Each structure stands twice: as C-alpha cells, then as structure tokens.
Number of protein chains: 2
Amino acid sequence: MKMDAPAKTKSEETKLLLLKAATTAFAYDGFHGTSLKKIAREAGVNQALISYHFGNKEGLYLAVFETIVGQIQTQVGPRVQALQATLGIHPSSANNCNPDPDSLKQALFSIADAMLELLCGDAGHEWALLITREQVSPTEAFEILYSGFMGKMLGLVSQVMQMLKPGLSEEEAKMFAILFMGQIIVFRVSRTAVLRHMGWQGYGEGELALVEQQLHQSICSWLAE
Amino acid sequence: MKMDAPAKTKSEETKLLLLKAATTAFAYDGFHGTSLKKIAREAGVNQALISYHFGNKEGLYLAVFETIVGQIQTQVGPRVQALQATLGIHPSSANNCNPDPDSLKQALFSIADAMLELLCGDAGHEWALLITREQVSPTEAFEILYSGFMGKMLGLVSQVMQMLKPGLSEEEAKMFAILFMGQIIVFRVSRTAVLRHMGWQGYGEGELALVEQQLHQSICSWLAE
DNA sequence: GTCTATAGCCCGATAGAC
DNA sequence: GTCTATCGGGCTATAGAC
C-alpha cells in the first residue's frame, strides 16, 4: 500500500523481507513448489513470523500480489491516465471522441512496448513469472491482478481500437485487444520456445528492439486493412 | 508408443490406468501439487506400482508427455505431411517453391484452427493445461514437447510465411510464426482473462467460430500489407 | 515481536510377503 | 506383478517461553 521507504518499524521491515523472499520463491517454484521454511530462511527471518504477519501460506501469497499490483499502479497508472487524457477519454471532456488517429496508433505502440518490457525485461522478471502463472492456473490472486490492472488494460486497448476503426463492433474491438495482448505475452509465456526458434540466448536490448519493431508492424497491418 | 487397443497384458493395463490418472492430476494441479498417493487412488491401482513401472514421480510425469506427443503425432502428423506435400516442401520435389498463394493462406487457416481446437476444445483440455504449464515453467518434459511437435509447427509456419511474402528475411518470418502462435495460445493461456473480458461463460462452438474468424482476418491483414 | 520446539500430517520411496 | 506396511523426511501450523 504505502511502502516506498525502507520501512520504519521493525515489524514492517520483517514484512518487507518476507515479501521480497516470497516473491522470488513463488515466482520460480510456484505456490506448491515453495515451502515456508525456505522463504523464512532466505529472508533471514524466523519461520513462525510468517503466520504471525500473514496468517498462513496463502495469506503471504496474496500479499505478494497485492504488493505487485500496488507497484504497477504507481508506475504505469499515471501513464495510463495521461493516455486517457490525451485520447479524450477522461470523463470531464464531453464527447471529444475523435482524437488524432496517429496519436492513437502511437498510444498502442507505447502500451505494447511497456507491456513487453514489463514481461520480458530484467526489471520485472519475477513479476512476469508470477503473473503468467496466475494466468495459466488462476487462484484467488488472479482476481487481484485482473481487477488491479489487467482488466483496465484490456478495456483501454479495446476502446482505442474502436476509436481507430469505428466500423468495429464492440465484440470485435474486444477480440482485437486480446489478439494484441497475445502477440505480446507469447514472448513471456513461450519464452523457451521463442528463444529456441529464433536462435537467441535471451532477451537483450537488440532482441527486444526487434520484437517491438515487429509488433508495431503487426499493429499497422491491422489498422491499414 | 503403440497403445491404441485397450491393452493386452495386465501390466500394460495398469500402466494405462496410471497414465490416464496422472495426466488428469498433473494437468489440474501441476507436478508439485500432485501426490502419487492421489494418482494411485484415482487409478484404482496400488501406489507401489508407480515406482515399479515408471521408476519415480518424474518418470511418470515424463511418460505422460511422451504419450501426449505420440498421440498428437498420430493425429496431426499425417495432416502436417499432407500439408507439406501440398506446399511442395517435400524433399522429393526439386524446388517447386511457388505453390498457389491462396492454398498457402488456407494452410495457415487450417493450422490455426487445429491449434485453437487442440488448446481450447473439450477434447484436449488436459493436454492443453499440461502443455501450457511446460511452456511457462519448462522442465525436462519441455524437450519432449518441443522436439516432438512444437518446433516442427513453428518451422512449418515460418516456411509458409516466407513463401507467402518472399521479401521477408528468415528472421522476420520466424518472428511472424511466433506472433501467429501468440494470437492462438492467448486464448488458452489467458483463458480466464479472455472469458471475463469478452463476457463469455466458456469456449462453446459459437465462441470458437468467432475466434477463428477473427484469427483468419488477422492473418489476412498481415498478408495484405 | 521474536524466538524455539514440536505436533500432526502427508509425501515419496522401498522392503518383503505373496 | 501386485500387494501391505513402513521408514525417513519435509511440510504447515501452533504452543509457549522470552
């Protein structure tokens, strides 16, 4: 919720240490593959404190996702709002529903780039693993992710698509948003297969730039049609 | 390997029962979330027989994937070869590298439809879960999947793309194959998010038809460009 | 708030009778 | 080939001292 400073009380520091260790462990080994003993060990904190602070294993797991969503919202939330403002979607404007098509396209580009970086960049590596896992095998934590940012993202892309191609039905626009996301998340979800197929060692700057270029081209194809 | 009939010896029947139960259990709960005790119980087979027939838990897990790849190969293998023949990719033909562009496009359509049905249809539900899990968190079993059919599939799509758009570099063609796959697998990987976003209850015939239509349209956009 | 210690359970693997 | 029985170990959760 409000955890930017390294923490003040000792209790909060313990929580942060546990959350950090739990994020790493759950990301790499999944919920079932992770033991509380290991998390406590890696955090340098006594195991019994997990129950004390988070109730049980599931409570800790959910807390990890709440932290992630909170940080994503503080990071990309402002950008999304700025985007909505640029596009004239903000509620205060009457119905200025005809922004510059080119800036709309640029908006799609920047959303794609941001998603790709989040999912495939070094910074959000563990987040990406956790998010992907919840996509594939949803638990209670999926609700946190979807209502926190995924649903909003899909809705935004759908809206932009419908503005760019007014002929689209709402259903078609929503479907396009999903295809849009699919082209991005495949690079995380099928990471191993992608690297093998492309003959890459990993996603370096060069590779990501190439992917972004291809994504932009694909988006242009849709819009040109 | 060669298991079509309900089995002959009692030993093979036991193996089949265990493989069937293991497929279901691993699909829904993952490797770590599944216990051998549960598999034996659901198979109606004594637990100790797992060690006897498959060595250990991992051996059983890998055997599940070998079975899946075997069945996929017998199912779609002939279709792929027919496709390659139609496209003139078969080695016996010299270099008849200019088949009808329209039949190439139809080939892409049918690959997309087959993949979508495999991943989202009722028939391959458990397979889809297992495959997706291995994509996201690869283990030794990933090798079986990739060398068994995923790599071939990606290679085939890349080839077709390059034939349809000769201007593409090999790298671009490979990337297109990945975007192609991404648009399909998103419907499995992000199933929960997709259903919520679209307001669907599940993937019925109507929904799948709609998805296929949209996929075809997306492919057409790429090719038209 | 933090710790130690442990209860209670389920797991995977194996030994040995049949 | 199939079974019962069990071992050793790791797990989550909790009780209770400090």
Side-chain angles (χ1 to χ4, degrees), chain A residues 1-3 5-65 133 137 139-141, chain B residues 1-3 5-65 67 130 133 137 139-141:
Chain A
M1 302 297 176
K2 41 182 176 178
M3 39 182 64
K8 302 190 171 179
T9 74
K10 189 162 187 186
S11 173
E12 283 181 12
E13 192 189 334
T14 301
K15 275 184 169 177
L16 282 182
L17 285 171
L18 284 172
L19 280 173
K20 189 165 153 53
T23 301
T24 304
F26 285 137
Y28 287 105
D29 299 323
F31 184 81
H32 292 296
T34 301
S35 71
L36 295 185
K37 185 173 283 184
K38 183 181 171 188
I39 292 175
R41 194 195 316 134
E42 306 256 324
V45 166
N46 188 280
Q47 182 184 339
L49 292 178
I50 294 176
S51 300
Y52 181 77
H53 286 293
F54 299 99
N56 56 19
K57 190 182 185 182
E58 195 181 345
L60 175 58
Y61 186 71
L62 294 177
V64 165
F65 282 86
R133 236 184 263 274
S137 325
T139 70
E140 232 178 282
Chain B
M1 304 292 180
K2 41 183 175 177
M3 39 181 67
K8 301 188 175 185
T9 74
K10 188 161 185 184
S11 174
E12 284 181 11
E13 191 191 333
T14 300
K15 274 184 171 176
L16 281 182
L17 285 170
L18 283 172
L19 280 173
K20 188 165 153 55
T23 301
T24 304
F26 285 138
Y28 288 105
D29 298 325
F31 184 81
H32 292 296
T34 300
S35 71
L36 295 187
K37 185 172 284 185
K38 182 182 172 187
I39 291 175
R41 196 195 315 135
E42 307 255 323
V45 166
N46 188 281
Q47 182 183 339
L49 293 178
I50 294 177
S51 300
Y52 181 77
H53 287 292
F54 299 99
N56 55 21
K57 190 181 185 181
E58 194 181 345
L60 176 59
Y61 186 71
L62 294 178
V64 165
F65 281 87
T67 305
L130 288 165
R133 236 185 265 273
S137 323
T139 70
E140 234 178 279

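Sequence lines set the chain letters: A, B, ... in the order given, protein chains first and strands last, and positions in each chain run from 1. Given the structure is predicted, the values throughout are model-derived calculations rather than measurements.
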>> For B/F26 and B/Y61, take the angle between the two ring planes, folded into 0 to 90°, and tell me which bin it lands in: parallel under 30, tilted 30 to 60, perpendicular over 60.
In response: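 The arrangement is perpendicular - the two ring planes meet at more than 60°.
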Reported [atom1]-to-[atom2] distance for the pair [X] and [Y], which is rounded to 0.5 angstrom:
{"X": "A/S35", "Y": "A/R41", "atom1": "OG", "atom2": "CZ", "answer": "6.5 Å"}
{"X": "B/H53", "Y": "B/L60", "atom1": "NE2", "atom2": "CG", "answer": "11.0 Å"}
{"X": "B/K37", "Y": "B/I39", "atom1": "NZ", "atom2": "CD1", "answer": "13.0 Å"}

In whole angstrom, what separates [X]'s [atom1] from [N]'s [atom2]?
{"X": "A/L16", "N": "C/dG1", "atom1": "CG", "atom2": "P", "value": "14 Å"}
{"X": "A/D29", "N": "D/dC11", "atom1": "CG", "atom2": "C1'", "value": "15 Å"}
{"X": "A/L49", "N": "D/dA13", "atom1": "CG", "atom2": "C1'", "value": "13 Å"}
{"X": "A/Y61", "N": "D/dT12", "atom1": "OH", "atom2": "P", "value": "14 Å"}
{"X": "B/H53", "N": "D/dC3", "atom1": "NE2", "atom2": "C1'", "value": "12 Å"}
{"X": "B/F54", "N": "D/dG1", "atom1": "CZ", "atom2": "C1'", "value": "14 Å"}
{"X": "B/L18", "N": "D/dT2", "atom1": "CG", "atom2": "C1'", "value": "12 Å"}

> Is the shortest side-chain N/O distance from A/N46 to OP1 or OP2 of C/dG1 below 4.0 Å?
Replying inline: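 So the side chain of A/N46 is outside the cut-off, no N or O lying under 4.0 Å from OP1 or OP2 of C/dG1.
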> Quick one: is C/dG1 close enough that its OP1 or OP2 comes under 4.0 Å of any side-chain N or O from A/T14?
Replying inline: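 No, no such contact exists.
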> Quick one: what's the B/S/- string for nucleotides 6-15 of chain C, heavy-atom cutoff under 4.0 Å, read 5' to 3'?
Replying inline: -----SBBB-
Considering only distance and modelled atom types, tabulate donor-acceptor pairs under 3.5 Å from the side chains of residues 14-25 of chain A, sequence neighbours left out.
{"unit_1": "A/T14", "atom_1": "OG1", "unit_2": "A/K10", "atom_2": "O", "d": "3.0"}
{"unit_1": "A/T23", "atom_1": "OG1", "unit_2": "A/L19", "atom_2": "O", "d": "2.6"}
{"unit_1": "A/T24", "atom_1": "OG1", "unit_2": "A/K20", "atom_2": "O", "d": "3.3"}
{"unit_1": "A/T24", "atom_1": "OG1", "unit_2": "A/E126", "atom_2": "OE1", "d": "3.2"}
{"unit_1": "A/T24", "atom_1": "OG1", "unit_2": "A/E126", "atom_2": "OE2", "d": "3.2"}

>> Determine whether A/T139 and A/E58 satisfy the following criterion, side-chain contact (heavy atoms from CB on, under 4.5 Å), listing intermediate values before the conclusion.
In response: CA-CA 10 Å; A/T139 70; A/E58 195 181 345; over 6 Å; no
